[in-house]
Amino acid sequence: MSAILIFLAVIAGIVFWWLSQQRLMAKPWLEEGPTGGFPATAPSSLPAAKIGLGVFLAVVGSLFSLLISAYFMRLSIAQLTRTDTGLLPTPNLLWLNTGVLVLSSVALHWAQVAARRGEMDNVRAGLLLGGVSAFTFLAGQLMVWQQLSAAGYFLASNPANSFFYLITGVHGLHVAGGLVALGRTGAKAWRGIAAVRLRLSVELCAMYWHFLLLVWLILFSLLTGWAGDFVDVCRALLT
Amino acid sequence: MTDVTVRADDAIPAAEVEDVELYHPKSWVTKYVYCQDAKVIAIQYSLTAMAIGLVALVLSWLMRLQLAFPGSFSFIAPTDYYQFITMHGMIMVIYLLTALFLGGFGNYLIPLMVGARDMVFPYVNMLSYWIYLLAVLVLVASFFAPGGPTGAGWTLYPPQAILSGTPGRDWGIILMLASLILFIIGFTMGGLNYVVTVLQARTRGMTLMRMPLTVWGIFTATVMALLAFPALFAACVMMLFDRLLGTSFFMPSVVELGSYLQYGGGSPILWQHLFWFFGHPEVYIVALPAFGIVSDLISTHARKNIFGYRMMVWAIVAIGALSFVVWAHHMYVSGMDPNFGFFFATTTLIIAVPTAIKVYNWVLTLWRGDIHLTVPMLFALGFIVTFVNGGLTGLFLGNVVVDVPLSATMFVVAHFHMVMGVAPLLVIFGGIYHWYPKITGRMLNDRLGKFHFWITFLGAYAIFFPMHYLGLLGVPRRYYELGEMAFIPPSAATLNIFITAAALTVGAAQLVFFFNLAWSLFRGKLAGSNPWHATTLEWQTPQTPPAHGNWGKELPIVYRWAYDYSVPGAAQDFVPQNQPAATGAAA
Ligand code: HEM
Ligand SMILES: [Cu+2]
């Protein structure tokens, strides 16, 4: 359960940092009057939707950390019982997909910058490129699945395979969900809504995309086994 | 606005800037059915939770009948008993308590108590309820599925949960897992609302340290639930894969009827880790809202400020954080490394410290208070007693050496019913008696309420206190019948009959409560806007029941904390949070 505990430690850090600014040492029974005295403790000026997405990403992060924890635990059991850890080969296509997902994230970042500057054409182009490349990523992932099962690595043939399909699948579903939101943002962009009003939606999409890219990079390094090597190196250094 | 001069550097609450595009119901259907108003959603959540809770209550009667008179009921076969246990436990913990505290109380109280017009994402909030309802319906469907609901125990431990021989292996377990997955999706939608509303929609002057403890409790519990439910979600998805697609996440190789099943290489312990990583925080997900509500009930009905407000807040936060590192105390008997056991026993005992602080503070709040023994107060007092009782046995079970012999006996059943069954339920009742006047504009009948309290409180003791003793005798839990066991004296059977009699009585008393709810809706005494003379914002709304949008034209402004009761020199024995200083403290 190390991955989830590390994740929770990060979350706890954020929570305590935030709480530390909320004057938890205040003695509310002595203080009367409006907020005048301590404006910092009023709600943040960020839009609620952004904070909402932030909280949602914490939930998604928790889910992936747990899946990773489960995966590690299963690996360590395999090592204990000296059974085959059964890592899958890494189809070259996964590299390509990773590149496409990076492209997608970059495109949305570009759209976000354009939205801030009010350049509608660039916003549209960025959204389109981001959407198409995310779609390509999903198609690519499906092809990876196909290649693997053609090579005899089926979902149920051993737990390592199951984890591979499960984790990539859950990640893919999150990308697909993001595409729905992106589609709605795109529809607004093409309907010709002013860039200012579009800005928040584009920013939300970009934030979500960057997060999913980060998750993917971690998963990718894990599933290909480098993270395992990395952990082994750390362990060797510690003992 | 009255006499407030707004300073330029004051951050302005989001709700005041945009004055949210409040959605306005147009027809009866959008007002009461597809409704985005948090108050209506709260009532929908509560009624649904109570309805399914009633099912769980009936199941507990059936179990008790079987335990008292083993074998006398032809309609309770051993497989039925397991199904009853499983559904009873799961419904009570998840579909009743979690949904009622967070979906019910959370939805109703958060916007009102922090001075918001509604939740920040009303549409998502509405979806949350409908998905919850769907989850409940899928759960109910499993009663009618071929083979019936799952009988795997509420912990759904693999491998037996999905092996043939466990009742409900065909459909029940699938529907149960699907229902849990739906529940979690729905809850996440609601949870985002509760958290972001507290963060972003607090009215001017409502700093975190001025929030009523009810909001603190629900807020912290929601944060915990958002982080803990993904564990159950992942576990359910994985088990669904194991059951439907033949993977082996949790399944070791199993020989059944002399031949190997297709499974192999998975780990049942992995499920236990994931399940309890959710399961322990779940205890506090229902306890923290109860803590918060009870603090407010005690303060209001003892006309005294809550003792040690700051410490109460810190304790809530500390409990929330600590409860993520104690999960394996549910796994002492799973064959884990003794060092782990030591670690988890230590964290478990540490978490008792902030919990004990809260109890002391409640008692000190009562100390020399002007205690009004109203029905909500009775329930709050009942909570303290049962919670202390259940908490003490928790200290026993937290120690590995004590837990090992007692685990899987009736002692455990007694412990968790006291601490997370009866105690939070008493708070739910107390909360309903307290806020019903705001929700409906009428008081609940006092006599019926007192009757309900005494039967429920004393009855719950009669049911669960003797179970400690049964557990010490070694009576195992989850047993259809005891049969001949040399170490169990025949008197245990007599005790079981007594417990069953008490359980049926308590069950019947709940019907009085439901009658009271319905009857008072039309015949109850008119409540007025603030019958308990309480300080918090929900009692200061311009209309009772609060109208759509909660506050009239302008949001309330908060000048003080939530506990200004019996302030020396004040005109009344309470000063509402939105009363400006000048008039409030006039000597
Ligand atoms: C009148 C009230 C109640 C009665 C009479 C009652 C009775 C029972 C009985 C007889 C069992 C089975 C014991 C066994 O044979 O192992 C049980 C199990 C359980 N009950 Fe209750 N109960 C009540 C309320 C609650 C509440 C409010 C909760 C909420 C937390 C709850 C949660 C559970 C759980 C989690 C189990 C364990 C199920 C399992 O072993 O899988 N019960 N209850
Ligand atoms: Cu626990």
Side-chain angles (χ1 to χ4, degrees), chain A residues 1 4-5 7-8 11-12 15-16 19 22-29 31-36 38-49 51-52 55-56 58-60 62-67 69-70 73-74 77-78 81 83-84 86 155-156 158-163 165-166 170, chain B residues 4 7 9-14 120-121 188 191-192 195-196 199-202 204-205 207-210 223 226-227 229-231 233-234 237-238 241 245-249 262 264-267 270 273-274 277 305 309-310 313-314 317 321 324-325 557-561 563-564 580-581 584-585:
Chain A
M1 301 296 270
I4 181 67
L5 287 179
F7 175 79
L8 283 182
I11 296 282
V15 169
F16 282 105
L19 280 177
Q22 299 293 323
R23 296 187 76 248
L24 286 203
M25 306 297 287
K27 298 198 169 96
W29 51 94
E31 291 169 349
E32 271 186 359
T35 26
F38 29 102
T41 49
S44 122
S45 52
L46 286 175
I51 297 195
V55 177
F56 179 65
V59 178
V60 178
S62 170
L63 177 63
F64 279 107
S65 311
L66 282 155
L67 288 174
S69 286
M73 208 181 295
R74 132 86 204 156
I77 288 169
T81 52
T83 44
D84 178 19
L155 169 70
N158 78 25
N161 294 9
S162 313
F163 268 108
Y165 284 99
L166 174 73
V170 172
Chain B
V4 199
R7 284 172 33 169
D9 58 350
D10 262 3
I12 298 169
V120 284
F121 314 120
T188 305
L192 288 177
V195 171
V196 181
L199 292 180
Q200 286 305 96
R202 300 195 310 276
R204 184 192 301 277
T207 62
L208 285 194
M209 292 306 273
R210 281 180 175 176
V223 173
L226 286 174
L227 295 171
F229 267 121
F233 185 86
V237 171
M238 285 153 81
F241 271 47
L245 303 176
T247 56
S248 302
F249 289 112
Q262 57 179 349
S267 158
L270 179 56
H273 277 294
L274 290 175
F277 187 82
N305 63 7
Y309 173 84
R310 275 196 305 179
V313 171
W314 299 343
V317 175
F324 278 99
V325 287
I557 298 176
V558 171
Y559 296 90
R560 57 188 71 250
W561 71 329
Y563 300 96
D564 269 345

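On a predicted model such as this, the values are computed, not experimentally measured, just so you know.
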Where [X] and [Y] come nearest, the two heavy atoms and their spacing:
{"X": "B:Phe249", "Y": "A:Ser162", "value": "CZ-CB, 3.4 Å"}
{"X": "A:Ser62", "Y": "B:Leu227", "value": "OG-O, 2.9 Å"}
{"X": "A:Pro159", "Y": "B:Gly266", "value": "CG-N, 4.1 Å"}
{"X": "A:Leu63", "Y": "B:Ala234", "value": "CD1-CB, 3.9 Å"}
{"X": "B:Gln200", "Y": "A:Leu46", "value": "NE2-O, 2.9 Å"}

Are B:Val317 and A:Phe16 close enough, and set up right, to give a side-chain contact (heavy atoms from CB on, under 4.5 Å), and what steps lead you there?
CA-CA 10 Å; B:Val317 175; A:Phe16 282 105; 4.0 Å; yes
Between [options], which has the largest tally of heavy atom pairs under 4.5 Å with chain B?
{"options": "A:Ile11, A:Val59, A:Val170", "value": "A:Val59"}
{"options": "A:Ala49, A:Ala12, A:Ala26, A:Ala58", "value": "A:Ala26"}
{"options": "A:Tyr165, A:Phe56, A:Phe163", "value": "A:Phe163"}

So for B:Val223, is it side chain, backbone, both, or neither that comes closer than 4.5 Å to the heavy atoms of chain A?
neither
A:Ile51 versus chain B, heavy atoms under 4.5 Å apart: side chain, backbone, both or neither?
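Both parts, backbone and side chain.
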Please classify the contact between A:Leu8 and chain B as side chain, backbone, both or neither, with a heavy-atom cut-off of under 4.5 Å.
side chain
Test your reading of the model: is there a side-chain donor-acceptor pair from B:Arg210 to the backbone of A:Pro28, 3.5 Å cut-off?
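Looks like no, no N/O pair under 3.5 Å.
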Test your reading of the model: is there a side-chain donor-acceptor pair from A:Arg23 to the backbone of B:Leu208, 3.5 Å cut-off?
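Looks like no, no N/O pair under 3.5 Å.
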To the nearest 0.5 Å, what is the distance between [atom1] ([X]) and [atom2] ([Y])?
{"X": "A:Leu155", "Y": "B:Phe241", "atom1": "CG", "atom2": "CZ", "value": "6.5 Å"}
{"X": "A:Met25", "Y": "B:Trp314", "atom1": "CE", "atom2": "CH2", "value": "4.0 Å"}
{"X": "B:His273", "Y": "A:Met73", "atom1": "NE2", "atom2": "CE", "value": "4.5 Å"}

Do you know which of B:Tyr563, B:Tyr309, B:Phe277, B:Phe324 has the most heavy-atom pairs with chain A at a distance under 4.5 angstrom?
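If we count pairs closer than 4.5 Å to chain A, B:Phe277 comes out on top.
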Would A:Gln22 and B:Met209 count as a side-chain contact (heavy atoms from CB on, under 4.5 Å) if you check the C-alpha gap in whole Å, the side-chain angles of each, and the deciding distance to 0.1 Å?
CA-CA 8 Å; A:Gln22 299 293 323; B:Met209 292 306 273; over 6 Å; no
Taking the side chain as C-beta and beyond, is there a heavy-atom pair between A:Lys27 and B:Trp561 under 4.5 Å?
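Not touching, per the 4.5 Å side-chain cut-off.
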Listed partners of B:Asn305 passing side-chain hydrogen bond (donor to acceptor under 3.5 Å, both in side chains), at least two apart:
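Partners of B:Asn305 by the side-chain hydrogen bond (donor to acceptor under 3.5 Å, both in side chains) criterion come out as none, since no residue qualifies.
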